[in-house]
Each structure stands twice: as C-alpha cells, then as structure tokens.
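Worksheet: the structure to be examined is printed underneath.
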Number of protein chains: 2
Amino acid sequence: MEKAEMRAKRFDCSYGCPVEATLDVIGGKWKSVILFHLIGGTKRFGELRRMLPGVTQRMLTLQLRELEEHGVVHREVYRQIPPKVEYSLTDYGWTLESILRQMRDWGEEFVRQHQEEKISA
Amino acid sequence: MEKAEMRAKRFDCSYGCPVEATLDVIGGKWKSVILFHLIGGTKRFGELRRMLPGVTQRMLTLQLRELEEHGVVHREVYRQIPPKVEYSLTDYGWTLESILRQMRDWGEEFVRQHQEEKISA
DNA sequence: CGGGATCCTCGGCGATACTG
DNA sequence: CAGTATCGCCGAGGATCCCG
C-alpha cells in the first residue's frame with residue numbers, strides 16, 4: 001500500500017469513535033512514552049533510545065515517523081558528520097500534554113493499587 | 001501461560017513508564033471505546049456489540065474480560081433463560097472518565113483538522 | 001550517528017461451529 | 001442471548017546487514 005493510500009485511509013474519518021483517533025496517535029507501542037519524554041524537552045535519537053529500555057532502533061524510527069506524520073512531533077536534521085537529529089513536540093503535539101500527564105498520574109495510581117494487592121495477598 | 005502468571009507479569013511493575021500502565025488498561029483495540037460508551041450507563045452485551053460496528057463476538061468478550069480483570073468494569077450476570085449480562089464501570093473505572101472525555105475531545109479536533117487538510121489539498 | 005532494506009517469527013485477531 | 005473452542009492467516013515487530 002502506498003503511503004498516500006495509508007494517509008487517505010487513516011484520515012478518512014473511518015474512526016467509529018473519536019476516542020479511537022486519539023488512540024491511533026498516542027496508542028502505539030512506544031508512542032505515548034516517547035511523547036511523554038518529549039514534554040521534558042527536545043531529545044536526540046540516541047537519547048530517546050536510551051530512555052526506552054527494550055526498544056529496537058527500527059521500532060523507534062517507525063514510531064517517530066508516524067508521530068511526525070500525525071503532526072505531533074517535529075524532526076530537525078543537522079547535516080553534519082556524524083549526523084545529528086533532534087526530536088521535539090510541535091505546537092499541536094503540546095495540546096496532548098494534559099492527557100499524557102493524566103495518563104501518567106492514573107498509571108502511577110494503578111501500579112500502586114496493584115502493589116498493595118500483592119502485599120495483602 | 002497460566003492466568004496467574006499473566007497477572008504476575010502484568011502487575012510486576014514491569015512498565016518502564018506509568019503511561020504504559022494506563023495504555024495497558026485503555027489501549028486495547030476496543031477498550032477505550034467500550035469504556036467511553038459505558039460512561040453513558042450500564043449496557044448489555046448485545047447493546048455494546050451493536051454500538052461497536054465491526055467488533056467480533058470473540059473480541060468483545062476478550063476485551064471485556066480484560067477490563068474486568070483490571071478492575072475498571074463490573075460484570076453482572078442474571079441467571080435466566082435467555083441469559084442476560086450487564087456491564088458497567090466500577091468506581092475505579094469512573095476515575096478514567098476525565099481522561100476518556102479529553103481523548104474524545106482531542107480526537108474530534110484531530111479529525112476536524114485533517115478534514116480541513118483534505119479540503120485545502 | 002541515525003537510519004534503510006530484508007528476512008523471518010509469533011501471537012493477535014477473524015471465521016466458524018458448538019453450548020447452557 | 002451470551003458466551004466457549006478450534007483453526008488458520010497475516011501483519012506487527014525482532015534480528016541482522018548495509019549506508020551516507
């Protein structure tokens with residue numbers, strides 16, 4: 001499938017519910033974590049890689065490309081040897097900040113709840 | 001893998017970031033949409049099925065089971081012929097309401113943006 | 001350093017059939 | 001009506017190699 005077709009399909013309002021649209025942007029395997037780390041400021045490719053234990057180079061690249069296509073992440077390439085590429089949130093990406101912070105807060109509480117459950121068990 | 005093992009693994013704080021924990025609860029293929037519809041009130045299995053065009057019986061069952069295991073959805077079985085099963089948000093599930101509503105709002109805006117993009121293109 | 005290109009595996013998910 | 005069981009596909013994602 002061509003990239004243009006993918007975009008057409010993806011943006012074709014084929015979402016049954018707007019919640020799905022949001023999930024399509026932040027719901028990838030590493031996307032929400034990448035976005036959350038970018039709230040802390042611009043990051044180089046290698047920095048992000050070190051911040052996500054277990055991510056492969058390929059997956060990090062793919063996820064960043066999709067975030068870029070969705071308009072929430074900006075990719076700045078410095079043409080030099082060795083290469084340097086910086087990633088940051090776009091203005092539109094910053095509109096996700098509130099949701100991402102709430103997701104972190106809820107997740108912390110969720111983990112805490114289940115730790116207690118394990119202790120009492 | 002035994003269910004107990006899955007739970008152990010899932011709740012083992014193996015999330016690199018709390019955001020992932022939240023995504024594990026609401027990030028399934030149909031989970032966030034199910035949860036969002038349950039904000040509107042208790043629903044029967046068949047009702048949910050009709051509200052999610054394209055979902056298979058199997059997937060709806062699996063997703064509901066996981067939501068139940070995560071403690072955000074309550075399953076009420078009425079022992080009668082024909083069977084009747086109702087699903088609703090637990091108190092803990094209601095703590096997701098704000099996030100879900102924001103996700104819907106952001107998703108609506110996202111779809112709107114890309115519709116404009118298509119028109120201007 | 002930050003990628004592409006290729007090959008291959010594994011499990012998520014659909015399709016179908018059966019049941020209390 | 002609301003599930004469970006079984007089979008089979010295919011695409012997400014890992015491993016590896018090469019490049020500017």
Side-chain angles (χ1 to χ4, degrees), chain A residues 1-3 5-7 9-10 14 16 20 23-34 37-38 42-70 73-88, chain B residues 1-3 5-7 9-10 14 16 20 23-34 37-38 42-70 73-88:
Chain A
M1 191 190 277
E2 294 292 328
K3 184 177 287 185
E5 290 179 72
M6 285 184 58
R7 286 173 58 91
K9 185 171 187 179
R10 184 171 290 158
S14 58
E20 295 181 62
L23 212 62
D24 195 29
V25 177
I26 69 172
K29 192 174 185 186
W30 305 95
K31 289 183 187 177
S32 59
V33 194
I34 293 171
H37 282 307
L38 289 183
T42 298
K43 298 279 181 297
R44 291 188 60 170
F45 184 85
E47 286 183 276
L48 283 173
R49 195 176 179 185
R50 266 172 268 120
M51 297 176 94
L52 307 182
V55 75
T56 62
Q57 199 174 31
R58 168 191 160 81
M59 276 311 295
L60 183 52
T61 300
L62 287 176
Q63 298 278 292
L64 284 167
R65 286 295 181 284
E66 292 188 19
L67 291 170
E68 200 187 346
E69 281 186 37
H70 280 143
V73 161
H74 173 68
R75 180 169 182 258
E76 185 72 33
V77 182
Y78 297 84
R79 304 221 155 273
Q80 59 185 47
I81 304 295
K84 173 180 170 184
V85 181
E86 285 184 343
Y87 294 91
S88 58
Chain B
M1 192 189 279
E2 293 293 325
K3 184 176 289 184
E5 290 179 71
M6 285 185 56
R7 286 173 58 90
K9 186 170 187 178
R10 184 170 290 159
S14 60
E20 294 181 62
L23 213 63
D24 194 30
V25 176
I26 70 172
K29 191 173 185 186
W30 304 94
K31 289 182 186 178
S32 60
V33 194
I34 293 171
H37 282 307
L38 289 182
T42 298
K43 297 279 181 296
R44 293 188 57 171
F45 184 85
E47 287 183 277
L48 283 173
R49 195 176 179 185
R50 266 172 269 120
M51 296 176 94
L52 309 182
V55 75
T56 61
Q57 199 174 31
R58 168 192 160 81
M59 277 310 295
L60 183 52
T61 301
L62 287 176
Q63 299 278 291
L64 283 166
R65 287 294 182 283
E66 293 188 19
L67 290 170
E68 201 188 346
E69 281 186 39
H70 280 142
V73 161
H74 172 69
R75 180 170 180 254
E76 184 73 31
V77 181
Y78 297 84
R79 303 220 155 273
Q80 59 185 48
I81 305 293
K84 172 179 168 183
V85 181
E86 286 184 341
Y87 294 91
S88 57

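Below, chains carry the letters A, B, ... as their sequence lines are ordered, and counting in each starts from 1.
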Exercise. Tell me what A:R65 touches on the nucleic acid: a base, only sugar-phosphate, or nothing, going by heavy atoms under 4.0 Å.
Key: sugar-phosphate
Quiz item: Do the side chain of A:E76 and the main chain of A:E86 share a donor and acceptor less than 3.5 angstrom apart?
Solution: no
Exercise. Over all heavy atoms of both residues, which pair between A:V25 and A:K31 is shortest? Give the atoms and the distance, please.
Key: O-CD, 3.1 Å
Quiz item: What does B:Y78 touch in the nucleic acid at a heavy-atom separation under 4.0 angstrom: a base, only the sugar-phosphate, or nothing?
Solution: nothing
Quiz item: Across the strands shown, which category fits B:R75 at heavy-atom distances under 4.0 angstrom: base, sugar-phosphate, nothing?
Solution: sugar-phosphate
Quiz item: If you pin A:P83 and A:Q63 to their nearest nucleotides in DNA chain D, which one's is more 5'?
Solution: A:Q63
Practice problem: Report yes if the side chains of A:L64 and A:R75 come closer than 4.5 Å at any heavy-atom pair, otherwise no. | Solution: no
Quiz prompt | Boundaries of the chain B footprint along DNA chain D (any atom under 4.0 Å from a heavy atom) | solution = D:dC1 to D:dT6
Self-check item: Minimum heavy-atom distance A:H37-A:L48, with the two atoms named
Solution: CB-CD2, 4.4 Å
Quiz item: Which whole-number value in Å describes the distance from A:R49 CZ to C:dC1 P?
Solution: 10 Å
Exercise. Supply the atom-to-atom distance A:L23 CG to B:I26 CD1, rounded to the nearest 0.5 angstrom.
Key: 6.5 Å
Quiz item: Which residues in residues 54-62 of chain A have at least one heavy atom lying under 4.0 Å from any atom of DNA chain C?
Solution: A:Q57, A:R58, A:T61
Quiz prompt | B:E69 side-chain N/O to B:E66 backbone N/O, donor-acceptor pair under 3.5 Å | solution = no
Quiz item: B:R79 has an atom CZ; how far is it from atom P of C:dT19, in whole Å?
Solution: 19 Å
Self-check item: Results of salt bridge (Lys or Arg N to Asp or Glu O under 4.0 Å) for A:K43 - residues two or more places apart only
Solution: none
Exercise. Would you tell me if any nitrogen or oxygen in the side chain of A:K84 comes within less than 4.0 Å of OP1 or OP2 on C:dG3?
Key: no
Self-check item: Value in whole Å for how far the P atom of C:dG11 lies from NZ of B:K29
Solution: 18 Å
Exercise. Mind checking the CD-NE2 spacing from B:E68 to B:H74? Nearest 0.5 Å is all I need.
Key: 8.5 Å
Exercise. Could you check how far CG of A:L64 sits from P of C:dG4, rounded to whole Å?
Key: 10 Å
Quiz item: Given atom CD1 of A:I81 and atom C1' of C:dG3, what is their separation to the nearest angstrom?
Solution: 12 Å
Quiz item: Looking at A:L38, A:V73, A:L62, which hits side-chain contact (heavy atoms from CB on, under 4.5 Å) with A:L67?
Solution: A:V73
Quiz item: CH2 of B:W30 versus C1' of C:dG14: gap in Å, rounded?
Solution: 11 Å
